[in-house]
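Accompanying notes for the structure given below.
All figures in this text were calculated on a predicted structure; none of them were measured in a lab. Here is the naming used below: chain letters follow the sequence lines, and residue numbers restart at 1 for every chain.
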2 protein chains.
Amino acid sequence: MQQVADRAGVSIATVSFVVNGTKYVTPATTARVRAAMRDLNFRGNVVARALASRRTRIIALLFPTTGNRFSPTTAQFFMSAAERASERGHHLVLWPVDPAGDDLDDLVSGGLVDGVIVMEVRMDDPRVAVLTSLEVPFTLIGRTRDSRGLPFVDIDFETTIVSSIDHLESLGHRRFALVLEDLEGTPMAGYAPHLRAQATFERVIAERGLVGQVAPAGAGSDGGRAAAEAILAADPDVTAVLVMKDDSSAGVLVGLYAAGRRVPEDVSVLSIASSATHADQHYPRLSTMVAPGRELGIRAADALIDQLDGVSDDLPHFLLPCTLRVAESTGPAPV
Amino acid sequence: MQQVADRAGVSIATVSFVVNGTKYVTPATTARVRAAMRDLNFRGNVVARALASRRTRIIALLFPTTGNRFSPTTAQFFMSAAERASERGHHLVLWPVDPAGDDLDDLVSGGLVDGVIVMEVRMDDPRVAVLTSLEVPFTLIGRTRDSRGLPFVDIDFETTIVSSIDHLESLGHRRFALVLEDLEGTPMAGYAPHLRAQATFERVIAERGLVGQVAPAGAGSDGGRAAAEAILAADPDVTAVLVMKDDSSAGVLVGLYAAGRRVPEDVSVLSIASSATHADQHYPRLSTMVAPGRELGIRAADALIDQLDGVSDDLPHFLLPCTLRVAESTGPAPV
DNA sequence: CTGAAAGCGCTAACAT
DNA sequence: ATGTTAGCGCTTTCAG
C-alpha cells in the first residue's frame with residue numbers, strides 16, 4: 001500500500017480513502033491512485049483492514065454439525081442469503097458449528113465475522129445465549145420458545161398446519177397422521193418446527209373432533225416405511241398422512257403400498273415444509289406445502305445487514321407460511 | 001491481553017505463549033495465566049492473531065454460485081472435510097464463489113484463509129489459474145484436463161463407468177443409454193465428471209460392439225422424463241440406462257413407465273455417482289454406483305492441511321471409484 | 001483536499 | 001523461563 005502511495009505520489013492515507021471511498025478525493029488524484037494500484041497489482045489485505053476497522057463485511061450462516069441434516073431447504077437458505085448478502089456488499093459463508101454453541105466464540109471473537117445468521121433453531125437454543133453474551137449481531141431463521149426480544153424470520157408453522165388440515169378436510173378426510181423426525185435424545189432435541197407443528201396439529205384435531213396421531217420416524221426410507229406401518233397399526237382407517245421429514249416420504253409411500261393402500265386413492269400424502277423438487281421425486285408426485293426457503297434466506301440476510309448498517313431500528317419478526325402445491329398427475333403407474 | 005498479563009503478573013508475551021503453546025512455560029505460570037484468562041473472560045482476537053502470524057487456521061471450500069447444484073455429494077464433501085479439518089485443528093467454511101474465480105482474490109488476499117479446496121471442477125477450470133497466481137495453497141476435489149502438477153482427489157469415473165457396464169453386461173444387457181446433465185452454454189460447461197464419463201462410456205461401447213447413446217437432460221423430474229422419451233425414440237430396444245444426474249432419475253422412471261416399460265424387468269436403471277439415500281428414495285429403489293463422498297472430503301482436507309503444515313512433500317493424486325450397490329427389492333408395487 | 005501519526009491486538013525474534 | 005519490542009497492513013482522527 002505504501003508502494004501504491006509512492007507511485008501515485010500521495011500518502012498512504014489517501015490510498016486508503018480512495019479504496020474505501022471514505023473521504024472525498026480529487027478525481028485527478030483518484031485516477032493516479034487507481035492507476036498505481038493497477039500497475040502494482042495491489043490487493044488490499046482483508047485481515048489488516050478488519051483489524052483496523054473492526055469489520056470484515058463477512059457474515060456467517062451457522063450450520064449445526066450434528067445429524068447430517070442437509071435438507072434442500074437448508075441449501076435454499078444458504079444460497080439465497082448468500083446472494084442477497086453479495087448484492088449488499090457482504091460475503092456469506094456457511095460455518096459448521098457445534099449445536100451447543102461451544103466453539104462459537106473462537107470464530108466471532110475479534111470480529112472475524114460482522115454478524116451471524118442462525119438456522120435449525122431449537123426452542124431453547126443455547127446458541128442465542130452465547131451470541132448474546134458475545135455481543136455479536138445476529139438474526140434467526142426460526143424461533144426460540146420466547147423470541148419476542150430477538151430478530152427472526154421463520155416459517156409460520158401454525159398457519160401451515162392449519163391450512164394443510166383445511167385442505168385435506170375439504171377433500172373429505174377425517175383421520176390424520178403426522179410424521180415427524182424422531183429427535184429425542186439427540187443434540188437437536190427441542191427442534192422448534194417439530195414442536196410447533198405437532199402442537200398445532202394436536203390442537204386442530206381436538207378442536208374439530210377429528211382423529212389424529214403423531215408418528216416419529218427414524219432415518220431414511222426405512223424409517224418412513226416403519227412409520228407408515230405404525231400408523232396403519234394404530235389406525236387402519238387413516239386416510240391422510242402429513243409428512244414433515246423429507247427423507248422418509250418415499251418410505252411412507254412404500255409402507256402404504258405394502259399394506260395394500262393406493263396413493264392417493266385410499267390415502268393422501270402431503271409433504272410439509274418441503275420443496276417442489278422433492279415432491280416431484282416421488283411416485284406419485286406428492287402434494288406439498290412448499291417452504292418459502294429463498295424468501296426467508298433473503299429476509300434473514302436483509303435483517304442482519306440492516307442491523308449491521310444501522311439502517312433499521314426495529315427488530316424484524318417475519319413469519320411466512322408454506323404454500324400448497326397440489327401434485328399434478330404423474331402419468332401411468334409402474335407396472 | 002495486557003490485562004490478563006497484568007493480572008497474572010507476567011508479560012504479554014508469556015500470555016501469547018500459553019495461548020498458542022508456542023514456547024515452554026512453567027506449569028505454575030501457565031496456571032496463573034489461565035486463571036487470569038478465565039477471570040477476565042478473555043477471548044483471543046482471531047483477526048489480530050491472523051495479521052501477526054499470517055495464518056488463521058481457516059480453510060475455505062469453494063462453492064460455485066451458479067446452477068443451484070447442491071447435491072448430496074456436495075453436502076458430503078462439505079461435512080466430511082469440515083469434520084476432518086476440525087480434528088486437525090482447523091475450521092472449514094463453505095464459501096460461495098463465482099465459478100470464473102473473479103471474486104477469489106478478495107477473500108484470499110491478506111491471508112483470510114490459509115488454503116482452499118476446490119470442487120465441481122471443470123476441464124479448464126479458471127479458478128486454478130487464479131489460485132496459482134494468488135499463491136494460495138489449494139487442493140482439488142476433481143481434476144482439470146491436465147492435472148499432473150496439481151494436488152487432487154477425485155472419483156475415478158473411468159473405472160466407475162467400466163464397472164457399471166461390466167455389471168449390466170453380465171446381466172445380459174447390450175443396448176445402453178447414458179443420461180447426463182446438459183451444461184452446454186452454462187458457466188459449468190466443461191464439467192469434468194460428465195466429460196470423463198461420457199468419453200469412457202463411448203469408448204467401452206465401441207470397443208465391445210455394444211449399442212449406446214448419450215442423452216442430455218434438462219432440469220428436474222421433467223427433464224428426466226423428456227430424456228427417457230428421447231432415449232426410447234432413438235432406440236426402442238434399449239434395456240439399460242445409466243443416470244448421472246440425481247434429480248432426473250425419478251423423471252426417467254416416469255418416462256419409462258409412461259412408455260409401458262417395467263423397471264427393472266424391461267429396463268434397468270443405474271444411478272451413477274449418487275448416494276444410497278437418493279437411490280432409496282425411488283420406486284423401485286435404484287441400483288447405484290455410490291460416490292465415495294465422505295472419503296474424498298476427508299482426503300481433500302488431509303491433503304490440504306498436510307500441505308499447510310509442510311507435513312507432506314509429494315502432491316497427492318488420489319482416485320477412488322464408486323462402488324456398486326444393488327437395490328434390494330422394494331416390496332409390493334403401487335397399485 | 002491531503003498528510004502525519006497513533007493505534008487495532010497479537011506474534012515472534014531477540015534479549016536476559 | 002520470561003520479558004522487550006518491533007512490526008503485521010491498514011484505518012482514522014486530527015492538523016494543515
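- Taking 4.0 angstrom as the limit, B:Asn20 places a side-chain polar atom (N or O) nearer than this to OP1 or OP2 of C:dT11.
- Here B:Ser53 does not reach the OP1 or OP2 of C:dC10: none of its side-chain N or O atoms lies under 4.0 Å away.
- Separating the CH2 atom in A:Trp95 from the CG atom in A:Leu112 is a distance of 5.0 Å, to the nearest 0.5 Å.
- In terms of position along DNA chain D, the nucleotide closest to B:Phe17 lies nearer the 5' end than the nucleotide closest to the other residue of the pair B:Phe17 and B:Ala48.
- In summary, the side chains of B:Ser147 and B:Thr144 do not present any donor paired with an acceptor at a separation below 3.5 Å, with no hydrogens or angles considered.
- Nucleotide D:dT12 holds its C1' atom 20 Å from the OH atom of A:Tyr24, rounded to whole Å.
- Straight-line distance from the CZ atom of B:Arg55 to the C1' atom of D:dG9: 19 Å, rounded to whole Å.
- Checking the phosphate oxygens (OP1, OP2) of C:dT2, a side-chain nitrogen or oxygen of A:Thr26 falls inside 4.0 Å.
- A sub-4.0 Å separation between OP1 or OP2 of D:dT2 and a side-chain N or O of B:Thr29 is present.
- In this structure, A:Arg122 forms no cation-pi arrangement with A:Tyr191, as its terminal cationic atom is not both closer than 6.0 Å to the ring centre and no more than 45° off the ring axis.
- Checking the phosphate oxygens (OP1, OP2) of C:dT2, no side-chain nitrogen or oxygen of A:Ser11 falls inside 4.0 Å.
- For B:Arg54, a side-chain nitrogen or oxygen approaches OP1 or OP2 of D:dG9 to under 4.0 Å.
- Although no hydrogens or angles enter the test, the distance criterion places no donor-acceptor pair under 3.5 Å between the side chain of A:Arg294 and the main chain of A:Gln76.
- Within the 4.0 Å cut-off from OP1 or OP2 of C:dG3, at least one side-chain nitrogen or oxygen of A:Thr14 is found.
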